[in-house]
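Notes follow once the structure below has been shown.
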Amino acid sequence: MASTPPQTGPLRHFLQFRDLSRDEIRYVLDRARLIKDKFKRYQPHHTLHDRNLAMVFEKASTRTRVSFEAGMYQLGGSVIHLTTGDSQLGRAEPIEDTARVISRMVDLVMIRTFEQTRIERFAAHSRVPVINGLTNEFHPCQILADIFTYIEHAGPIEGKTVAWIGDGNNMAYTWLQAAEMLGFRLHVSAPQGYQLDRKRIGQPSDTVLREFADPMQACRGAHLVTTDVWTSMGYEAENEERRRAFADWCVDAEMMAVADPAALFMHCLPAHRGEEVTGEVIDGPQSVVWDEAENRLHVQKALMEFLLLGQVA
């Protein structure tokens, strides 16, 4: 089977959510629906036959690795897995040099790393598209999957309210970008000292972002309630301090009860039951976390296809 011709036009990366336009996000989500439908029907979808994806992990992963690796194979391509332990990335080679070399040998690169500046430096010297698999600042592939999951279960997200309960972390910042682009409102409740940094976000309109000291108020009327672990990777030294600070930010049945009656619950996983969410909620009828986790596979397949081929008729 011959490979599909490459996209013509400028090189595209996906380093943060707003790297794609609103229309392009909608295209990727629509394409993910088609790709998932074919997956469920066991119909081959080999649009990236003979293409190669390099996955670079400076942060460990389960869902990111499995979803990208399985996805690329399902698209007909192949995968190279690199970590700091088995490449020059862990031996002080400049990331610019790594980018120049790797991007001459593969068609696409996914990186899961620490500072956003590292992936930006890599992309600036890459000859192929680069995807952010997670950085300290953003997690755009996860939010793509979350929005796809919401639409799948509840219809359009425009005009709805998403409640983020917990740390003002990479997920929260990416949700804010998505709200600004797609026309929904984000409620954020984080303990003192863990809120969104105003220097990073400026002054978003109240129609986009509202911040609450009380997580119950953030959840009131929300159509989606979502959270994350209290201690993200790289902040383990703060674990005990964070456990104390976040004690009142556990998503429980009372919070879900003040949300919209049809509200969904999401979590990007891994989850710590009894910390950021109760078992009653994450394992309850409003939880869609397992669909959410699976949907990383489908939206990332659509994203990789788009970055390499553009919009496929």
Side-chain angles (χ1 to χ4, degrees), residues 14-19 25 59 63-64 112 114-116 119 132-150 157 160-220 222-235 238 242-243 245-251 255 259 263-272 275-277 281-282 289 292 296:
F14 190 58
L15 309 185
Q16 51 186 295
F17 198 86
R18 63 184 176 210
D19 281 345
I25 292 291
K59 278 189 175 184
R63 280 154 292 278
T64 297
R112 184 177 171 97
F114 293 90
E115 296 81 10
Q116 183 76 9
I119 198 169
N132 182 351
L134 176 143
T135 61
N136 291 347
E137 289 83 359
F138 298 111
H139 199 358
C141 291
Q142 182 66 57
I143 300 304
L144 265 183
D146 292 1
I147 291 170
F148 178 82
T149 305
Y150 183 86
I157 198 168
K160 299 300 194 298
T161 298
V162 174
W164 175 263
I165 308 301
D167 193 13
N169 62 8
N170 51 5
M171 288 284 290
Y173 285 107
T174 311
W175 269 116
L176 179 56
Q177 287 192 353
E180 291 172 330
M181 291 181 61
L182 300 180
F184 59 89
R185 175 178 284 181
L186 179 66
H187 287 183
V188 173
S189 181
Q192 185 69 29
Y194 298 94
Q195 301 102 323
L196 297 173
D197 183 352
R198 285 285 166 176
K199 293 179 181 178
R200 283 186 59 184
I201 66 175
Q203 295 294 329
S205 164
D206 283 349
T207 61
V208 174
L209 173 67
R210 291 186 64 191
E211 295 185 87
F212 297 82
D214 182 353
M216 287 287 286
Q217 293 304 312
C219 291
R220 194 168 301 279
H223 302 93
L224 168 61
V225 178
T226 183
T227 190
D228 193 3
V229 294
W230 291 340
T231 306
S232 298
M233 192 178 299
Y235 298 89
E238 304 174 9
R242 283 173 173 262
R243 283 169 64 94
F246 284 83
D248 294 330
W249 274 262
C250 176
V251 178
M255 290 188 194
L264 303 177
F265 172 78
M266 293 189 194
H267 190 307
C268 60
L269 302 177
H272 298 150
E275 291 189 8
E276 72 275 3
V277 62
V281 169
I282 195 171
V289 296
E292 176 191 7
R296 284 284 299 277

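All of these numbers come straight from a predicted model, not from anything done at the bench. By convention here, the first residue in the shown sequence is residue 1. We use all heavy atoms of the structure for the numbers below, so side chains are in, but hydrogens, waters and symmetry mates are not.
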task = Would you indicate whether the side-chain heavy atoms of L134 and K59 approach each other to under 4.5 Å?
result = yes

Is there a side-chain contact between V277 and F265, using heavy atoms and a 4.5 Å cut-off? yes

_Using modelled atom types and a 3.5 Å cut-off, is there a donor and acceptor pairing between side-chain atoms of R185 and backbone atoms of D206?_
yes

Heavy-atom donor-acceptor pair, T174 side chain to F138 backbone, under 3.5 Å: no

Between the CD1 atom in I143 and the CZ atom in F148, the distance rounded to the nearest 0.5 Å is 15.0 Å

In short, A271 meets E276 closest at the heavy-atom pair CA-OE2, 3.3 Å

Item to check | Heavy-atom side-chain proximity of L224 to K160 below 4.5 angstrom | outcome: no

message = Checking the side chain of T227 only, and the main-chain atoms of G166 only, is there a donor and an acceptor separated by less than 3.5 Å?
response = no

To the nearest 0.5 Å, atom CD of Q177 lies from atom CG of L182 at 11.0 Å

Yes or no on side chain to side chain contact (heavy atoms under 4.5 Å, CB included) for L264 and H223, after CA distance, side-chain angles and deciding distance?
CA-CA 6 Å; L264 303 177; H223 302 93; over 6 Å; no

### Query
Could you walk me through whether T64 and Q142 pass the side chain to side chain contact (heavy atoms under 4.5 Å, CB included) check?
CA-CA 9 Å; T64 297; Q142 182 66 57; over 6 Å; no

Verify, without hydrogens or angle tests, whether D146 (side chain) and T149 (backbone) share a donor-acceptor contact under 3.5 angstrom. no

When rounded to the nearest 0.5 Å, the distance separating CG of L176 from CE of M171 is 13.0 Å

Note: Y173 and D197 closest approach over all heavy atoms is OH-N, 2.6 Å

Taking every heavy atom of A245 against every heavy atom of Y194, the minimum-distance pair comes out as CB-CE1, 3.6 Å

Heavy-atom closest pair (S189 atom, A218 atom, distance to 0.1 Å) is CB-CB, 3.8 Å

* **Note, W164 side chain near D228 side chain (heavy atom, < 4.5 Å)** => yes

Between Q217 and F212, is there a donor-acceptor pair closer than 3.5 Å when you use the side chain of the first and the backbone of the second? no

Note to self: So F184 and W175, do their side chains get closer than 4.5 Å, heavy atoms only?
What the structure shows: yes

### Task
Go through H187 and C219 one step at a time and tell me if the side chain to side chain contact (heavy atoms under 4.5 Å, CB included) criterion holds.
CA-CA 8 Å; H187 287 183; C219 291; over 6 Å; no

In short, L269 meets V289 closest at the heavy-atom pair CD1-O, 4.4 Å

CG of L144 to NE2 of H139, rounded to nearest 0.5 Å, is 11.0 Å

- Hey, is the main chain of Q116 close enough, under 3.5 Å, to the side chain of E137 for a donor-acceptor pair? yes

Exercise. Is it true that the side chains of E211 and Q195 contain a donor and an acceptor less than 3.5 Å apart?
Worked result: no

Rounding to 0.5 Å, atoms CG (D167) and CG (L196) come to a distance of 9.0 Å

Taking every heavy atom of L15 against every heavy atom of N132, the minimum-distance pair comes out as O-ND2, 2.9 Å

Backbone N/O of T135 and side chain of N170: donor-acceptor pair under 3.5 Å
yes

Distance col, row D248:CG vs I165:CD1, nearest 0.5 angstrom, shows 12.0 Å

Checklist entry - Just by distance, do the side chain of R242 and the backbone of W230 share a donor-acceptor pair under 3.5 Å? => result yes

- prompt: Should R63 and P270 count as side-chain neighbours, where that means a heavy-atom distance under 4.5 Å?
  reply: yes

(Q) Run the side-chain hydrogen bond (donor to acceptor under 3.5 Å, both in side chains) test on R243 and T231 for me, step by step, so that the C-alpha distance in whole Å, both residues' side-chain angles and the decisive distance to 0.1 Å come before the verdict. (A) CA-CA 8 Å; R243 283 169 64 94; T231 306; over 6 Å; no

